[in-house]
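What follows is one structure encoded as structure tokens, with my remarks underneath.
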Amino acid sequence: MRHLYSLLGAMLLPLSACAQTFESQRPAEPVFTSQAVEAKIESVSAKIKDPKLRWMFRNCFPNTLDTTVNFSDSTGTPRTFVYTGDIHAMWLRDSGAQVWPYVSLCKDDPALRELIAGVINCQFSLLNIDPYANAFNDGPTGAGATSDDTGTPQSPWVFERKWEIDSHCYPVRLAYEYWKVTGDVSVFGEQWLRAMENILETFTVQQRKTGDGPYYFLRVTDRQLDTKARVGKGHPVKPTGLICSSFRPSDDATQFEFLVPSNFFAVSILRKAAEILATVNHEKTMARRCTALADEVEGALKKYAVVQHPEFGPVYAYEVDGFGNSYLMDDANVPSLLSLGYLIPEMAADPVYRNTRNLVWSGYNPYFQKGKAGEGIGGPHIGTMVIWPMSVMMKAFTAMNMSEAEGPDCKAYDKEIKDCLKQLRDTDAGTGFIHESHDKDDAAKFTRSWFAWANTLFGELLVRLADHGKDYLL
């Protein structure tokens with residue numbers, strides 16, 4: 001659905017208004033203001049020596065709060081609906097990632113804490129409306145992709161009903177981190193328990209041990225990756241314990257249903273969910289179910305996801321089908337193979353991950369591009385000649401994690417990080433913001449002038465560098 005809103009050659013802000021004078025591009029009346037976030041902007045800005053990088057950070061880090069959050073406590077329970085940016089719908093993935101960088105600041109800001117609790121409450125309530133949907137409306141408006149055939153009548157709350165594993169992972173990741181930072185257990189009530197039942201049920205059905213299950217997806221479209229083969233079920237799989245994902249985080253259809261990075265993500269969040277269920281809810285049985293499923297998927301990943309590459313040795317495939325077929329590529333959207341070292345920091349020390357990281361940032365990845373505007377990973381969602389800045393940020397994040405895995409004083413990856421920062425700084429097309437993608441040779445040809453996840457992720461990267469003793473790179 002997103003490609004309908006992603007047009008190359010977006011209008012640029014005049015250089016006199018921003019790139020030359022570095023005037024703030026923040027709205028005069030932000031949707032939400034956090035004192036803790038504003039204080040963080042000032043403290044990190046003081047460490048950024050590059051004036052353009054500082055300007056971009058100040059524009060980008062608060063972008064989610066400035067423009068996309070819609071908070072309400074009219075029912076007595078905080079609820080925050082989060083737009084993805086230029087599309088007025090809430091993706092479970094995007095919304096979890098958009099507010100993630102603010103969680104660490106919640107302890108010092110009660111209003112921010114309530115706002116993020118509202119995001120978590122909203123995510124679980126939406127997941128309970130339809131566990132196969134990836135994006136939702138702010139109310140039963142009936143907007144979005146209403147003509148898709150997905151095996152069940154589509155709720156008017158649903159904007160798009162593409163089954164993606166990560167739609168279940170991001171809400172749990174956010175809730176777990178929020179709990180660890182704040183100690184607040186108010187988000188782990190009945191909605192949470194119902195959501196976990198839905199997650200376990202959906203994951204188990206999509207292991208497809210007893211057939212394809214009830215879900216399918218058919219759309220009348222001229223884009224191959226906006227519908228599914230085999231009358232909506234996707235290509236066959238041999239049950240292995242892995243979980244099928246009909247779509248990727250890009251909202252593009254999978255080629256082989258076992259999407260490896262999303263299965264790794266599922267293992268991580270199932271273990272986090274088990275800890276919450278056992279500690280907060282005293283739901284020992286459900287916690288054991290989460291742990292058992294995580295163990296099963298992890299074992300299957302070790303057995304089926306590793307492929308021997310002639311140049312890089314053992315690597316993780318992007319997708320597999322259980323029959324022995326595999327797809328060696330990577331997409332820029334997170335979770336990706338590259339991003340595993342960001343989402344699951346301990347993977348930075350995994351030698352197979354490191355081999356994979358080298359592969360996906362090379363010409364052996366069909367969606368890796370190198371041009372006059374820089375280098376990075378794209379994906380089939382927009383086209384083969386574009387770079388997604390999100391992939392450049394993932395390279396920098398994972399370089400940091402790999403550096404830290406080798407010791408706190410390791411500087412072996414500093415050049416990678418610095419090169420990433422320079423490219424991100426130089427490919428904003430004069431707008432002061434990060435875009436979904438840009439042409440590999442001309443950053444002025446970009447998609448999505450308002451993409452809050454990418455903006456906030458950029459801010460998160462600079463905060464992390466500043467807070468982890470890497471401010472000398474700024």
Side-chain angles (χ1 to χ4, degrees), residues 1-15 17-20 22 25 50 52-53 55-57 59-61 63-64 67 84-87 94 97-98 223 225 248-252 329-334 336 338-339 360-363 365-397 416-462:
M1 191 74 181
R2 294 185 188 196
H3 67 282
L4 298 177
Y5 301 86
S6 300
L7 302 176
L8 284 170
M11 292 296 291
L12 305 184
L13 295 173
L15 290 176
C18 51
Q20 291 181 340
F22 300 133
Q25 298 302 299
D50 185 297
K52 185 176 180 184
L53 208 60
W55 173 63
M56 291 177 65
F57 170 73
N59 293 332
C60 289
F61 185 54
N63 189 244
T64 288
T67 63
T84 184
D86 51 10
I87 309 171
D94 292 36
Q98 282 169 248
R223 297 183 76 249
L225 296 184
R248 301 167 181 162
S250 60
D251 301 335
D252 290 338
M329 61 160 279
D330 203 19
D331 191 291
N333 284 267
V334 178
S336 59
L338 175 62
S339 71
V360 302
W361 205 269
S362 80
N365 174 8
Y367 293 103
F368 175 79
Q369 292 295 331
K370 198 168 186 176
K372 295 176 183 177
E375 61 183 37
I377 299 168
H381 191 69
I382 300 298
T384 57
M385 304 303 285
V386 299
I387 294 166
W388 288 56
M390 191 173 290
S391 72
V392 182
M393 289 183 266
M394 284 301 117
K395 188 181 184 188
F397 274 116
E416 281 191 24
I417 298 168
K418 193 154 188 166
D419 288 346
C420 290
L421 291 174
K422 182 179 184 301
Q423 182 172 323
L424 292 165
R425 182 198 66 186
D426 294 345
T427 54
D428 72 314
T431 67
F433 291 105
I434 304 295
H435 304 120
E436 178 189 55
S437 72
H438 62 78
D439 184 271
K440 70 182 182 67
D441 294 315
D442 184 359
K445 296 178 180 178
F446 61 80
T447 61
R448 300 193 70 182
S449 57
W450 178 20
F451 185 25
W453 178 11
N455 289 326
T456 312
L457 187 67
F458 174 76
E460 178 188 347
L461 173 61
L462 270 62

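Worth knowing before you read on, the calculation uses all heavy atoms, side chains too, and leaves out hydrogens, waters and symmetry mates. In what follows, residues are counted from 1 in the order of the sequence shown.
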Could you tell me whether the side chains of Trp55 and Gln25 share a donor-acceptor contact shorter than 3.5 Å?
no
May I have the step-by-step check of side chain to side chain contact (heavy atoms under 4.5 Å, CB included) for Asn455 and Thr64, ending in yes or no?
CA-CA 8 Å; Asn455 289 326; Thr64 288; over 6 Å; no
Do the side chains of Ile377 and Val392 get nearer than 4.5 Å, heavy atoms only?
no
Between Glu460 and Phe397, is there a side-chain heavy-atom distance shorter than 4.5 Å?
yes
For residues Pro380 and Asp331, determine if any side-chain heavy atom of one lies less than 4.5 Å from a side-chain heavy atom of the other.
yes
If only side-chain N and O atoms count, and only distance matters, is there a donor-acceptor pair under 3.5 Å linking Thr84 with Asp94?
yes
Testing Leu461, Leu457, Asn333 one by one against Met394 for a side chain to side chain contact (heavy atoms under 4.5 Å, CB included), which residue passes?
Leu457
Under the side chain to side chain contact (heavy atoms under 4.5 Å, CB included) criterion, do Leu225 and Arg248 qualify, and how do the steps go?
CA-CA 10 Å; Leu225 296 184; Arg248 301 167 181 162; 4.3 Å; yes
Trp388 versus Gly378, closest heavy-atom pair with distance:
CD1-CA, 3.3 Å
Does some side-chain heavy atom of Ile434 sit less than 4.5 Å from a side-chain heavy atom of Met56?
yes
Are side-chain heavy atoms of Lys395 and Gln423 found at a separation under 4.5 Å?
no
The test is salt bridge (Lys or Arg N to Asp or Glu O under 4.0 Å); show your working for Arg223 and Asp252 and say whether it passes.
CA-CA 9 Å; Arg223 297 183 76 249; Asp252 290 338; 3.8 Å; yes
Passing option when Thr447 is tested against His381, Glu436, His438 for side chain to side chain donor-acceptor pair (under 3.5 Å)
Glu436
Verdict with reasoning, Val334 to Met390, per side chain to side chain contact (heavy atoms under 4.5 Å, CB included)
CA-CA 8 Å; Val334 178; Met390 191 173 290; 3.8 Å; yes
Does the side chain of Val360 reach to within under 4.5 Å of the side chain of Phe368, using non-hydrogen atoms?
no
Nearest atoms (heavy-atom pairs only) where Met393 meets Ala454
CE-O, 3.6 Å
Asp442: what forms a side-chain contact (heavy atoms from CB on, under 4.5 Å) with it, not counting sequence neighbours?
Asp439, Ala444, Lys445
Is any side-chain heavy atom of Leu338 closer than 4.5 Å to a side-chain heavy atom of Trp361?
yes
Between Thr456 and Trp453, is there a donor-acceptor pair closer than 3.5 Å when you use the side chain of the first and the backbone of the second?
no
Below 30° counts as parallel, above 60° as perpendicular, anything between as tilted: where do the rings of Phe61 and Phe57 land?
parallel
Side chain proximity check, Phe446 to Ser437, heavy atoms < 4.5 angstrom:
no
Taking all atoms of both residues into account, what is the closest heavy-atom pair of Ala429 and Ala443, and its distance?
CB-O, 3.5 Å
Distance check, rounded to the nearest 0.5 Å: Arg448 atom CZ versus Ile382 atom CD1?
9.0 Å
Let me see the working for Phe451 and Asp86 under side chain to side chain contact (heavy atoms under 4.5 Å, CB included), right down to the final yes or no.
CA-CA 7 Å; Phe451 185 25; Asp86 51 10; 5.9 Å; no
Between the CG atom in Leu462 and the CG atom in Leu421, the distance rounded to the nearest 0.5 Å is 6.0 Å
Say whether, by atom type as modelled, one donor and one acceptor occur between the side chain of Gln98 and the main chain of Ala452 under 3.5 angstrom.
no
Salt bridge (Lys or Arg N to Asp or Glu O under 4.0 Å) for Lys52 and Asp428? Distances and angles first, verdict last.
CA-CA 10 Å; Lys52 185 176 180 184; Asp428 72 314; 2.6 Å; yes
I need the Glu375 CD to Lys370 NZ distance, nearest 0.5 Å.
4.5 Å
Determine yes or no for a side-chain-to-main-chain donor-acceptor pair under 3.5 angstrom, with Asn365 supplying the side chain and Asp330 the backbone.
yes
For a quick test of reading the model, state the closest non-hydrogen atom pair linking Phe433 to Asn63 and the distance between them.
CE2-ND2, 3.8 Å
